[in-house]
Amino acid sequence: MAYDFILIDSPPSLGLLTVNALVAADDLIVPIQCEYFALEGLTHLLKTVDLLRRGLNPDLSVAGILLTMFDPRLNLARQVASDVRTTLGDVVFETVIPRNIRLAEAPSFGKSIIQYDISSPGAKAYLALAQEVIARLGKARDTLTAGIA
């Protein structure tokens with residue numbers, strides 16, 4: 001059976017599991033919480049991706065940066081989102097995952113957010129993200145295929 005996409009959800013640390021996932025991956029989606037220390041972690045991760053490109057996976061690319069746990073009521077969240085967008089530009093997905101209690105509840109019921117509450121803001125955001133990822137990666141693959149033909 002062939003798949004268009006296979007997602008590997010790795011731990012938020014740069015341990016062996018995450019490095020192995022990055023070596024196996026073609027594209028990387030980097031979730032970043034809209035909090036101050038997340039910016040430092042992003043810098044470290046991008047340096048690691050650079051190292052992996054040079055040594056173990058030259059084809060690894062960053063498909064996008066995903067802003068998560070966004071609460072528009074917080075100045076800090078708005079500032080972090082603005083800084084990330086200013087610094088990284090088009091690499092940042094348009095879709096933003098909001099801080100949402102239904103997202104936090106779903107795993108405790110053993111369900112995905114789509115199964116748990118498809119009408120929640122969190123579920124709607126993840127569905128929008130799926131469409132954006134498919135569009136973004138689909139265009140990249142079309143460009144690659146056109147370049148080969």
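If you're wondering where the values come from, they're calculated on a predicted model, not measured in any experiment. Counting begins at 1 with the first residue of the sequence. Any value given below was found using the heavy atoms of this structure, including those in side chains, with hydrogens, waters and symmetry copies removed.
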Are L137 and V91 linked, directly or through other ILVMFWY residues, by side chains that come within less than 4.5 angstrom of each other?
-> no
Applying side-chain hydrogen bond (donor to acceptor under 3.5 Å, both in side chains), name anything that partners E105, two or more places apart in sequence or on another chain.
-> R102, Y116
Looking at H44 and L14, what are the two nearest heavy atoms and their distance?
-> CD2-CD1, 3.2 Å
List in chain and number order the residues that pass side chain to side chain contact (heavy atoms under 4.5 Å, CB included) with S10, two or more places apart in sequence or in another chain; answer none if no residue qualifies.
-> T18, A21
Taking all non-hydrogen atoms of both residues, which atom of V80 and which atom of Y36 are closest, and how far apart?
-> CG2-N, 4.0 Å
Out of curiosity, does L42 fall in the hydrophobic cluster containing V19 (side-chain heavy atoms, cut-off under 4.5 Å, transitive links)?
-> yes
Indicate yes or no for a side-chain donor-acceptor contact from E132 to the backbone of F93 under 3.5 Å, with no hydrogens or angles considered.
-> no
side-chain contact (heavy atoms from CB on, under 4.5 Å) between F109 and Q115: does it pass, once the steps are laid out?
-> CA-CA 10 Å; F109 288 91; Q115 296 166 315; over 6 Å; no
What distance separates R78 CZ from D83 CG, expressed to the nearest 0.5 Å?
-> 12.5 Å
Heavy atoms of V92 and R85 approach each other most closely as CG1-NH1, 3.4 Å
Picking from V49, D26, V23, D27, what satisfies side-chain contact (heavy atoms from CB on, under 4.5 Å) with L60?
-> V49
Any Lys/Arg nitrogen of R53 or D50 sitting under 4.0 Å from an Asp/Glu carboxylate oxygen of the other?
-> yes
Quick one: closest heavy-atom pair of A123 and D117, and the distance?
-> CB-O, 3.3 Å
Between L127 and I118, is a side-chain contact (heavy atoms from CB on, under 4.5 Å) present by the stated rule, with each step listed?
-> CA-CA 9 Å; L127 290 170; I118 197 166; 4.1 Å; yes
Would you tabulate the side-chain donor-acceptor contacts of residues 62-71 under 3.5 Å, counting partners in other chains and residues two or more places apart, or write 'none'?
from, atom 1, to, atom 2, distance (Å)
T68, OG1, I32, O, 3.3
D71, OD1, R73, N, 3.0
D71, OD1, R73, NE, 2.9
D71, OD2, R73, NE, 3.4
D71, OD2, R73, NH2, 2.7

List the steps, then state whether side-chain contact (heavy atoms from CB on, under 4.5 Å) holds for L22 with N57.
-> CA-CA 8 Å; L22 293 173; N57 186 355; 6.0 Å; no
With side-chain contact (heavy atoms from CB on, under 4.5 Å) as the test, would you mind laying out the steps for I113 and S120 before giving the verdict?
-> CA-CA 8 Å; I113 188 60; S120 71; 3.6 Å; yes
Following the transitive rule for hydrophobic clusters with a side-chain heavy-atom cut-off under 4.5 Å over Ile, Leu, Val, Met, Phe, Trp and Tyr, establish whether I8 and I29 coincide in one cluster.
-> no
L129 reachable from V96 in the ILVMFWY side-chain graph, under 4.5 Å edges | no
Hey, quick one: are L56 and V30 part of the same hydrophobic cluster, counting side-chain heavy atoms closer than 4.5 Å, chains of contacts allowed?
-> yes
